[in-house]
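Note sheet for the following structure.
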2 protein chains.
Amino acid sequence: MLAFVNGPTIGKVTAETTPPTTEPQPREPAAVEPAAAERPRKRQARGERRIAQLLDAAGHVFAESGYAATTTNAIAARAGVSPGSLYQYFPNKDAIAAALAEFYADSLDELLAPFAVVDPAAVTLEEALRVSLGPIVRFHRENPACLALFIGGNAPGHVMDLQAPLMARTHARIAALLALYAPDLPPTRLETGAAVTLAAYKGVLPLLVEADEDQVPALTRELGNLLLGYFGRLLQP
Amino acid sequence: MLAFVNGPTIGKVTAETTPPTTEPQPREPAAVEPAAAERPRKRQARGERRIAQLLDAAGHVFAESGYAATTTNAIAARAGVSPGSLYQYFPNKDAIAAALAEFYADSLDELLAPFAVVDPAAVTLEEALRVSLGPIVRFHRENPACLALFIGGNAPGHVMDLQAPLMARTHARIAALLALYAPDLPPTRLETGAAVTLAAYKGVLPLLVEADEDQVPALTRELGNLLLGYFGRLLQP
DNA sequence: GGAGATTACGAGTGATTGCTCGCATTCGTC
DNA sequence: GACGAATGCGAGCAATCACTCGTAATCTCC
């Protein structure tokens, strides 16, 4: 189900999601192995599998109930594991959501990357959208917890730490794309336009995630139409 | 602040928001009293004022923290009232949200009503939107808890009971409007189009609620552009 | 096969929170 | 002013839930 259960991402899942308590020291070294504090904690294959099970279960439960209503015991039960085992791999509930969110943010960055290298002379906006929207939609349908954590506003601190920059990057990407295809647009309007585009896009995604499979192509096309229609209006009057 | 603190709506606030648990069988006839159950419970002016205070406070706290993270004690404290007093007027936390939601749903129904009587021969879609969007935006900015309860997905049962029909009515209104201005649109596409329109609209509203006051006119105009651009695309190809 | 680490368990703990209860105060009405 | 009803209080109850701890099974590597 969850595509990421096997992958290099998993390795650093528990690396340093710990501190809800602030750490006065250099607050960066997620995977850096800073000085001497963190023992590498050799993980057995069984442990890696458990982490994957737990994250997969968490994805399902978060998607069904949202972050706040999800209990750690429910995640453990769904993964077929005792609560104590869950806390062997994650320091707290936040860390579970943060591990998922990190994977989601990385995946979305990758899925949105194509927009950065579009050549307006060779490719129309319509073509670029038609190509890129499909995979994005598929990703969200395969990982519904992504919307549950990122869109459903009141996420915990560590998730917001990932979501806010992701949104900022996406906004910047849209703004850059707009600037490329509409060089004459005043900067103020470009910013506003990017914000509205992003908001509308985020609004329609839940529709696509909840829809029946056979409606997805039509809905994806309509999402493209929505964005293209707005872009058209941004250029003309 | 909250416009509804004085109004006829308040009267039935506590009328029957009680049962979260479904009662299929006459499980315990102790409290049955079927016909003559409801004593009118004469309310003093002081009580009405307290209800208004409590709902106003609840609106603020819900908007700030969302439903789940809001504690009844926080609402009571913000209203300058003890927890016990709160529970004199509302049977439980759900009922507070439901009372707010009922007012919100009624208000939105009223604000969306103009779309039902539009004459496509006399008024363009653009004009209709320009006129109606302003008040809707203003309402949401004055009542941010409306979005917090209705958009932020995981609301309690009684709120959903009001939200789902409201969304259905809004969807139907959009579909009717589309059918009016685009009589040739196939029914399937019309439904999809209405759903996408509603989703995009819901997506952009939070942007308008959080924006600075001076950006509101421009953003409102862009929301109109978004919808009009999509409508244009629905008609042409 | 044995030492040491990792994995697994699940009842229990402490904090939070929705909500209650007994009692005091104020209001409306005569 | 007196009586009942409505209002008001806030300590405390009961349930939930994130998280811990002591202990036992299982793995890795020699």
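Just so we're on the same page: letters track the sequence lines, and every chain starts at 1.
Residue A:Gly84 is in base contact, counting any heavy-atom pair closer than 4.0 Å across all strands shown.
No side-chain N or O of B:Gln163 forms a donor-acceptor pair with one of B:Tyr104 less than 3.5 Å apart. For the residue pair A:His171/A:Glu191, the side-chain donor-acceptor check at 3.5 Å is satisfied.
In this structure, the CG atom of B:Asn92 is 15 Å from the P atom of D:dT16, given to the nearest Å. Counting to the nearest Å, the P atom of D:dC27 and the CD atom of A:Glu48 are 16 Å from each other. In this structure, B:Arg43 atom CZ and D:dG8 atom P are separated by 10 Å, rounded to whole Å. Atom-to-atom, CG of A:Leu86 to P of D:dC21 comes out at 16 Å; the value is rounded to the nearest Å. Atom CD in A:Gln88 sits about 16 Å away from atom P in D:dC19, given to the nearest Å. A straight line from CZ of B:Phe90 to P of C:dC19 spans 13 Å, rounded to a whole angstrom. The separation between B:Arg49 atom CZ and D:dG8 atom C1' is 14 Å, rounded to whole Å. The separation between A:Ile51 atom CD1 and C:dT6 atom P is 13 Å, rounded to whole Å.
Of the side-chain N and O atoms in A:Tyr89, one or more sit less than 4.0 angstrom from OP1 or OP2 of C:dA8. Between B:Arg50 and the phosphate of D:dG8, there is a side-chain N or O to OP1/OP2 separation shorter than 4.0 Å. Applying the 4.0 Å criterion to OP1 and OP2 of D:dC19, one finds that A:Tyr87 has a side-chain N or O inside that range. Proximity of B:Ser85 to the phosphate of D:dC9: a side-chain N or O atom is located under 4.0 Å from OP1 or OP2.
Using a 4.5 Å cut-off on side-chain heavy atoms (C-beta onward), B:Pro156 and B:Val159 make contact. Put simply, the side chain of A:Glu222 does not reach to within 4.5 Å of the side chain of B:Thr197, judged on heavy atoms. Contact of the B:Ile96 side chain with the B:Leu54 side chain is not registered, since no non-hydrogen atoms from C-beta on lie closer than 4.5 Å.
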Apply the test side-chain contact (heavy atoms from CB on, under 4.5 Å) to residues B:Phe90 and B:Ile51: give CA-CA distance (whole Å), side-chain angles for both, the deciding distance (0.1 Å), then the verdict. CA-CA 9 Å; B:Phe90 297 96; B:Ile51 292 178; 4.0 Å; yes
For the pair A:Arg173 and A:Leu198, evaluate side-chain contact (heavy atoms from CB on, under 4.5 Å) and give the outcome as yes or no after the intermediate values. CA-CA 10 Å; A:Arg173 244 192 260 273; A:Leu198 178 54; over 6 Å; no
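Qualifying side chain to side chain contact (heavy atoms under 4.5 Å, CB included) partners for A:Leu207, counting only residues two or more places apart in sequence or in other chains: A:Leu219, B:Ala195, B:Val196, B:Ala199.
The stretch residues 72-82 of chain B touches DNA chain D through B:Val81, B:Ser82, each having a heavy atom under 4.0 angstrom from the strand.
Side chain of A:Lys93, nearest nucleotide from D:dC19, D:dT7, C:dA8: D:dC19.
Distance NZ/A:Lys202 to CE/A:Met167: 4.5 Å, rounded to 0.5 Å.
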What one-letter contact string describes nucleotides 24-30 of chain C from 5' to 3', where B marks a base within less than 4.0 Å of any protein heavy atom, S marks contact via sugar-phosphate atoms alone, and - marks no contact? --BS---
